[in-house]
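Whatever order the structure lists ligands and atoms in, that order sets their numbers, starting from 1.
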Amino acid sequence: MARKKIALIGAGNIGGTLAHLAAQKELGDIVLFDIAEGIPQGKALDLSQCGPVQGFDAAVTGTNDYKDIEGADVIIVTAGVPRKPGMSRDDLLGINLKVMKAVGEGIKQYAPDAFVICITNPLDAMVWALREFSGLPHNKVVGMAGVLDSARFSTFLAWEFGVSVRDVTSFVLGGHGDTMVPVVEYSTVKGIPVPDLIKMGKSTQERIDAIVKRTANGGGEVVGLLKTGSAFYAPAASAIAMAESYLGDQKRVLPCAAYLEGQYGVDGLYVGVPVKIGKDGVEEVIEIELNDQAKAGLQVSIDAVKDLLTACKGIDNTLA
Ligand code: APR
């Protein structure tokens with residue numbers, strides 16, 4: 001059987017980490033694409049030279065030509081710019097929207113059968129725009145947010161309860177940003193819901209509320225420490241988990257920004273919800289019962305995503 005092909009659009013911090021993880025796991029041969037000349041080629045050469053040391057056998061190449069992504073099975077998109085001081089949210093939206101247009105057209109031309117995972121921010125708008133520009137089926141284009149947000153939530157819960165992260169499951173819904181909704185009721189330690197753990201005296205509501213807040217600000221906390229960039233190890237690991245579920249038809253249930261057509265009362269938007277990922281991409285959107293507080297939180301999140309899409313349509317009238 002031919003090896004799978006993984007194309008990484010954007011060879012920056014996340015792109016480089018994605019390439020390393022994908023090579024270590026031998027998910028397939030890897031093509032790193034970037035508009036910056038030399039960066040994808042240099043990273044590819046460096047990563048290739050990890051192979052003999054680490055014992056992996058994946059071909060890693062770098063390119064500035066979309067033609068080289070031809071026939072990719074999985075594409076992970078991190079191309080774009082981060083928000084810089086003095087830049088408004090709309091400035092960022094305008095710049096990254098243009099990037100999504102170029103990337104979407106490249107995918108449409110060379111890899112229309114790929115499973116595409118978008119990471120570029122603002123995520124919920126960029127994944128929607130990327131889908132529009134690429135014309136791929138909605139079930140083959142998803143956004144990476146919930147796996148990362150719930151990984152952050154799980155990390156903090158594991159620290160709070162003094163247990164292995166392996167035994168913590170947590171749930172985060174909604175948009176990727178301040179309006180995300182960490183759902184405490186569906187977050188457990190080995191199946192024991194967090195509210196029960198509070199009743200058992202293992203934590204307090206105040207401490208869990210603080211963890212929920214810290215989770216929602218998870219990206220900002222890392223930026224505050226790094227000062228010159230944003231998180232890249234956990235975002236890359238999260239997207240790789242999604243890619244593996246697709247490539248291996250694992251049918252994992254993962255929170256992702258997925259296209260909703262009526263589920264959760266939403267139509268025509270990408271919102272973070274639990275989905276099943278297998279060989280057909282997003283095979284199912286899983287609708288869970290939410291309490292009133294989570295419903296209200298999700299609605300705020302949905303409204304924020306709608307505002308972003310309105311702004312996108314204002315910037316690029318081919319999207320309207
Ligand atoms: N086509 C391809 N690559 C591009 C384009 C484009 N049109 N525009 C920019 N790039 C490349 C840059 O050259 C850079 O190498 O995208 C890369 C982005 O890398 P970093 O700046 O290191 O950003 P990173 O930390 O990897 O994050 C990427 O993910 O989490 C989000 O907010 C984050 O949107 C950002 C993205």
Side-chain angles (χ1 to χ4, degrees), residues 7-22 31-44 46-47 62-69 72 75-85 87-111 116-130 133-134 142-149 151-152 175-178 180 217-240 242 256-257 272 308 312 316:
L8 306 171
I9 313 292
N13 280 335
I14 301 179
T17 312
L18 284 167
H20 198 185
L21 286 172
V31 177
L32 266 167
F33 173 97
D34 204 290
I35 44 161
E37 281 177 27
I39 300 282
Q41 291 85 352
K43 288 197 178 184
D46 189 8
L47 284 163
T63 184
N64 307 110
D65 187 344
Y66 273 108
K67 196 173 180 323
D68 294 322
I69 73 164
I75 298 182
I76 308 179
V77 179
T78 60
V81 299
R83 192 158 151 184
K84 301 201 178 79
M87 197 188 265
S88 77
R89 208 185 169 89
D90 281 356
D91 293 338
L92 176 74
L93 202 65
I95 295 170
N96 283 351
L97 197 57
K98 275 206 189 109
V99 175
M100 290 307 105
K101 190 167 199 160
V103 175
E105 285 166 359
I107 293 173
K108 185 184 212 160
Q109 186 172 358
Y110 292 109
V116 179
I117 302 169
C118 180
I119 304 186
T120 302
N121 276 320
L123 191 267
D124 307 278
M126 292 303 106
V127 63
W128 173 82
L130 183 63
F133 292 130
S134 68
V142 279
M144 189 294 296
V147 177
L148 171 63
D149 295 329
R152 287 176 171 151
H176 185 49
D178 323 335
M180 74 179 72
N217 184 43
E221 188 177 354
V222 177
V223 171
L225 291 165
L226 295 180
K227 296 191 177 68
T228 54
S230 49
F232 51 100
Y233 294 114
S238 302
I240 291 290
M242 292 162 66
C256 302
L308 281 174
C312 287
D316 185 326

Revision key, fill the gap. Nearest heavy atom to atom 15 (O) of ligand 1, choosing from I95, D34, N96, belongs to D34

Point to revise | Qualifying residue for side-chain contact (heavy atoms from CB on, under 4.5 Å) with L32, from L8, I69, T63 | key: L8

Review point. Does at least one non-hydrogen atom of G80 fall below 4.0 angstrom from an atom of ligand 1?
Key: yes

Study note, to complete from the structure: Nearest heavy atom to atom 7 (N) of ligand 1, choosing from I39, V103, V99, belongs to V99

**Study point:** Protein residue, atom and distance nearest to atom 29 (O) of ligand 1, heavy-atom basis
**Key:** I14 CD1, 3.5 Å

Review point. To which of N121, L32, L8 does the heavy atom nearest atom 30 (O) of ligand 1 belong?
Key: N121

Point to revise | Spatial distance of atom CD1 (I9) from atom OG1 (T120) [nearest 0.5 Å] | key: 10.0 Å

**Study point:** Minimum-distance protein heavy atom relative to atom 21 (O) of ligand 1
**Key:** P82 CD, 4.2 Å

**Study point:** Approximate separation, where rounding is to 0.5 Å, of N64 CG and D34 CG
**Key:** 7.5 Å

Point to revise | ring-ring contact (aromatic ring centres under 6.0 Å, His included) partners of Y110, counting only residues at least two apart | key: none

Point to revise | Top protein contact for atom 36 (C) of ligand 1, by heavy-atom distance | key: T78 O, 3.5 Å

Revision key, fill the gap. Note: ligand 1 atoms sitting under 4.0 Å from heavy atoms of F33 are 2 (C)

Study note, to complete from the structure: When rounded to the nearest 0.5 Å, the distance separating OG of S238 from CD1 of I119 is 8.0 Å

Review point. To the nearest 0.5 Å, what is the distance between CG (D124) and NE2 (H176)?
Key: 8.0 Å

Review point. Under a 4.5 Å cut-off applied to non-hydrogen side-chain atoms, are K101 and L130 in contact?
Key: no

Practice item. Would you check if P82 and N121 make a side-chain contact, meaning some heavy-atom pair closer than 4.5 Å? Key: no

Review point. For atom 19 (O) of ligand 1, which protein heavy atom lies nearest, and how many Å away is it?
Key: G12 CA, 3.2 Å

**Study point:** Selection from I119, L18, N13 by shortest heavy-atom distance to atom 23 (O) of ligand 1
**Key:** N13

**Study point:** Protein contact to atom 8 (N) of ligand 1 [nearest heavy atom, distance to 0.1 Å]
**Key:** I35 CD1, 3.5 Å

Point to revise | Residue part near ligand 1, for A79, under 4.0 Å between non-hydrogen atoms | key: both

